[in-house]
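Numbers for residues simply follow the sequence, beginning at 1.
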Amino acid sequence: MAIGVIVENPELSPEQARQIIEHVSSTGPTPPEGARLVLGGPAATGWRMITVWDSEEALERFFADRLAPAYAEVGLSLESTSRTVFELYMLVAGDLTGVPQPA
């Protein structure tokens, strides 16, 4: 079953987030293997990512192989994040390309 994940890091600055995104983008496919949707942006404090994964195994593989090294590169650890994982029963999305659709 697919899972949804919300990762929040109140310590992450916009510059560090940019560096992490660049590192992750340079080390493999984007979106990562097993990821169906990746959203990210500044939160009230720090940074928030919302993702949809095929499985918890795919998520854990990405965290270990690509995200942890990206965090280490900017001097942080994944221990500074909070993670909420939940089973996904429904995903409904409109046109995610941003192109207005005819009525």
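- Both L76 and L78 are members of a single hydrophobic cluster when ILVMFWY side chains are connected at heavy-atom separations under 4.5 Å.
- Cluster annotation: L91 and L39 are assigned to the same hydrophobic cluster (Ile/Leu/Val/Met/Phe/Trp/Tyr, side-chain heavy-atom contacts under 4.5 Å, transitive).
- The two atoms that bring A58 and G34 nearest to each other are CB-CA, 4.0 Å, heavy atoms only.
- Counting heavy atoms of neighbouring residues, nucleotides and ligands inside a 6.0 Å radius, atom CD of E79 does not exceed 12 of them.
- Counting heavy atoms from C-beta on, the side chains of H23 and Y71 never come closer than 4.5 Å.
- Atoms CZ and OG, from R66 and S25 in turn, are 7.5 Å apart once rounded to the nearest 0.5 Å.
- Scanning both residues, G40 and M49, for their nearest heavy atoms gives CA-SD, 3.3 Å.
- Under the 4.5 Å side-chain contact rule for hydrophobic residues, I21 and L67 share a cluster.
- Side-chain contact between P32 and V38 is present, with at least one heavy-atom pair separated by less than 4.5 Å.
- Rounding to the nearest 0.5 Å gives a distance of 9.5 Å between CD of E56 and CD of E87.
- Proximity of W53 to V85: side-chain heavy atoms (C-beta onward) are nowhere separated by under 4.5 Å.
- For E60, the side-chain hydrogen bond (donor to acceptor under 3.5 Å, both in side chains) partners two or more places apart in sequence, or in a different chain, are R83.
- When each of V5, V52, I3 is tested with L88 by the rule side chain to side chain contact (heavy atoms under 4.5 Å, CB included), just one qualifies, namely V52.
- A continuous path of ILVMFWY side-chain contacts below 4.5 Å connects I50 to F86, so both sit in one hydrophobic cluster.
- Between S13 and Q19, every side-chain heavy-atom pair lies at or beyond the 4.5 Å cut-off.
- Every residue was checked against the ring-ring contact (aromatic ring centres under 6.0 Å, His included) condition with F63, not counting sequence neighbours, and none meets it.
- Checked for salt-bridge contact, R61 and E57 miss the test: no charged N lies under 4.0 Å from a carboxylate O.
- Of all the heavy atoms in A64 and P69, the pair that sits closest is O-CD, 3.6 Å.
- Atoms CD and OG1, on E8 and T45 in that order, are 8.0 Å from each other to the nearest 0.5 Å.
- Taken to the nearest 0.5 Å, the OG1 atom of T51 stands 6.0 Å off from the CG atom of L59.
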